[in-house]
There are 2 protein chains.
Amino acid sequence: MASISVNDVAAAAGVSVGTVSNVLNRPDKVSPGTVARVQAVIAELGFVRNDAARQLRAGRSRSLGLIVLDVANPFFTDLARGAEDRAAEDGLAVLLGNTDDNVAREAAYLDLFEEQRVHGVLISPLGDIGERLNRLRARGTPTVLVDRQTEDRSFSSVAVDDIAGGRLAAQHLISLGRTRLAFVGGPNSIRQVVDRLSGARLAVAEHSSVSLEVVDTDALSVLAGRAAGQQMLVRAPGDRPDAIFAANDLLAIGVLQALNMRGDLHVPRDIALIGYDDIAFAAAAVVPLSSIRQPSVLIGYTAVDLLLREAQGGDEFEHEQIVFQPELVIRESTAS
Amino acid sequence: MASISVNDVAAAAGVSVGTVSNVLNRPDKVSPGTVARVQAVIAELGFVRNDAARQLRAGRSRSLGLIVLDVANPFFTDLARGAEDRAAEDGLAVLLGNTDDNVAREAAYLDLFEEQRVHGVLISPLGDIGERLNRLRARGTPTVLVDRQTEDRSFSSVAVDDIAGGRLAAQHLISLGRTRLAFVGGPNSIRQVVDRLSGARLAVAEHSSVSLEVVDTDALSVLAGRAAGQQMLVRAPGDRPDAIFAANDLLAIGVLQALNMRGDLHVPRDIALIGYDDIAFAAAAVVPLSSIRQPSVLIGYTAVDLLLREAQGGDEFEHEQIVFQPELVIRESTAS
DNA sequence: CAGTCAAAATGAAACGATTCATTTTAAGCT
DNA sequence: AGCTTAAAATGAATCGTTTCATTTTGACTG
């Protein structure tokens, strides 16, 4: 069955294709009678615009691309929600790409979005993709970095100060009187992990009696956290840290699950635990989890807003770096 | 800056556009020397295929549409993951649409996908959209219903037997000796809610001494669960149920948070609690949550598989209804 | 009634990749 | 050299929408 085109509609309504297009896009330029007639025919034939043809003509699509590390992480679904809300205000759709911390997948999504001529790209970048992004920009596709600041101000970005966040978390643990801290996180290819650790190091450096060990994980997931937690359990009690800062809440929840498997270990009595992101499930954990809160929905909303302004402003737009400050949320897992 | 097209590449490489297209799509039909020369020019000019033009010519896009109730629900992100995996095997992308239990948004996504001429649609339907889906099918776009069976076998579907699941949950609570059950869930426009409740009713009907009350919620979220839980707290102790079956884990977690606010109420001692979906966070809850497990990733994978087979099979494809059986997972929240 | 002018309608051209019937090239054989 | 054939390359036509320079319509004026 051949699909219905504007030509078919025009023929059936006894008008030209130009008029059909005008009814669709500028009904005020067409006499009311004609509008009604054409719309009736559209309904009757079941005509639906072909978006590919529109895009071809327009030169760009009406979608934004959003590339995140992990859609299973509530932090990113919240962020995506904010982005979607802002995009919808301008009639744009959001295409969601999930890299799973994999550089190849990141490249694949960038290729896809480039072929689709998306309206703009929001990305929480992984690999060294400055050149890719410059190419996109040369084609007129604005880009905003999410959850990451650029050193050189060549891109707009919306981020949270992860160094400050890491510092907050470690300072809090130290203020409880803990002295043998452990940072659980990884891999180091993720900038957020590195920054949160640096922040923690800053706080630790201010106290000569406090040590910080690093327990590396190969992902930021509940599973990876559980593995890290189990690794702590097999150690001699005196050799264990008395406070753990996990690079995100998923890890923290995993660590908590592992620690809880032994009845004799108690959080926070024996080991205090703090996560990062303050996802909705943190408050509902076995031991309600202290965390560092980021305004996830707002980050997504702001990022799209910035993207659209950049798209408007054209080449001479002054790139803008927006940085939100994180916030400490204290719950039972670090009660004194 | 004008964008680079196959014409520019052809001119620069001294070949025809047809040859450039062949290099892109059927390199074996072109002599090795020419392939190399054209690819060199492509790299040099930074040519990127325009997907809109390809789609226009091809008549359909290389994406699938997936419409779900709530991307913030881990059940659906797991399902989406499975769908993405299977789609990637055939070089297809997945567009994710989030309805938030809103019929208007569901319609908007269907419009969008129809205009995009997507390869196929996976949908967990809300409103009465049989006609819309028939129109899609008439255009040659196959549709598979996810997490929902059709009564009339006119569509393929992949679902879990929610009535059996509801029954399992209630039977389990009854087997603990509980007699005043409450079902927390809503709204009734969501079929999963209705089925899980029916299943529970079946189990309750087998025991004359057991009662079942229904506490309606206006969403399947942690927040709605918390509200429902608070509503139980204000009642007189003797008036409270001794077991709660929540329509999904998000609700259950919310209920749990509310009940825990009172130090004197203990789960499961005073009130046993079971959820549904067995999301990753269920095991990590304050009181590890019993739940009904669904093979979420597999559901998504299977749904896309079915969709692709239906696309292959053409009009005469026998619609297939696949039903998975749910599984009871017992944890501390219903320990006896 | 001729003349003016805005509103309405027209239809060819353009967007960029793919297809396929045709032509060109080059290798192999007598 | 002449002939056959397969491989390689060609380029016009096509997909469906939008745009815009042009034409048509019809209402109104002096």
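All of these numbers come straight from a predicted model, not from anything done at the bench. So that the names make sense, note that chain A is the first sequence line, chain B the second, and so on, each numbered from 1.
With values rounded to the nearest 0.5 angstrom, B:Glu106 atom CD is found 8.5 Å from B:Ser124 atom OG.
Atom-to-atom, CG of B:Asn25 to P of C:dC20 comes out at 12 Å; the value is rounded to the nearest Å. Spacing between atom CD1 of A:Ile4 and atom P of D:dG16 amounts to 10 Å, rounded to whole angstrom units. Atom C1' of nucleotide C:dT18 and atom CG of B:Leu24 are separated by 10 Å, given to the nearest angstrom. Atoms CZ (A:Arg139) and C1' (C:dG16) sit 13 Å apart, rounded to a whole Å.
The residues A:Arg62 and A:Asp90 are annotated as not salt-bridged, no charged nitrogen and carboxylate oxygen being separated by less than 4.0 angstrom. Using a cut-off of 4.0 Å between Lys/Arg side-chain N and Asp/Glu carboxylate O, B:Asp100 and A:Arg81 are scored as salt-bridged. Classification of A:Arg153 and A:Glu318 as a salt-bridged pair fails, no side-chain N sitting under 4.0 Å from a carboxylate O.
Using a 4.0 Å heavy-atom criterion, one finds that B:Arg117 contacts no nucleic acid atom at all.
In terms of modelled atom types and a separation under 3.5 Å, the side chain of A:His119 and the main chain of A:Leu64 share no donor-acceptor contact. At distances below 3.5 Å, at least one donor-acceptor pair connects side-chain atoms of B:Asn73 with backbone N or O atoms of B:Phe75.
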Original post:
Would B:Asn25 and B:Arg49 count as a side chain to side chain contact (heavy atoms under 4.5 Å, CB included) if you check the C-alpha gap in whole Å, the side-chain angles of each, and the deciding distance to 0.1 Å?
Top reply: CA-CA 11 Å; B:Asn25 301 298; B:Arg49 289 225 261 298; 3.3 Å; yes
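A donor atom on one side chain and an acceptor atom on the other are found under 3.5 Å apart for B:Tyr301 and B:Glu89. Between the side chains of A:Gln55 and A:Arg117, not a single donor N or O lies within less than 3.5 Å of an accepting N or O. Side-chain contact of B:Glu310 with B:Ser156: a donor-acceptor pair under 3.5 Å is present, judged by distance alone. A donor and an acceptor atom, one from each side chain of A:Glu115 and B:Asn50, are nowhere located under 3.5 Å apart.
Contacts of residues 48-65 of chain B with DNA chain D (heavy atom under 4.0 Å): B:Leu56, B:Arg57. Of the residues in residues 5-13 of chain B, none has a non-hydrogen atom less than 4.0 angstrom from any atom of DNA chain D.
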Could I get a table of every N or O pair under 3.5 Å where one atom is in the protein and the other is in nucleotides 8-12 of chain C?
{"residue": "C:dA9", "atom": "OP1", "partner": "A:Ser31", "partner atom": "OG", "Å": "3.1"}
{"residue": "C:dA9", "atom": "OP1", "partner": "A:Thr34", "partner atom": "OG1", "Å": "2.5"}
{"residue": "C:dA9", "atom": "OP2", "partner": "A:Ser31", "partner atom": "N", "Å": "3.1"}
{"residue": "C:dT10", "atom": "OP2", "partner": "A:Ser16", "partner atom": "N", "Å": "2.7"}
{"residue": "C:dT10", "atom": "OP2", "partner": "A:Ser16", "partner atom": "OG", "Å": "3.1"}
{"residue": "C:dT10", "atom": "OP2", "partner": "A:Thr19", "partner atom": "OG1", "Å": "2.9"}

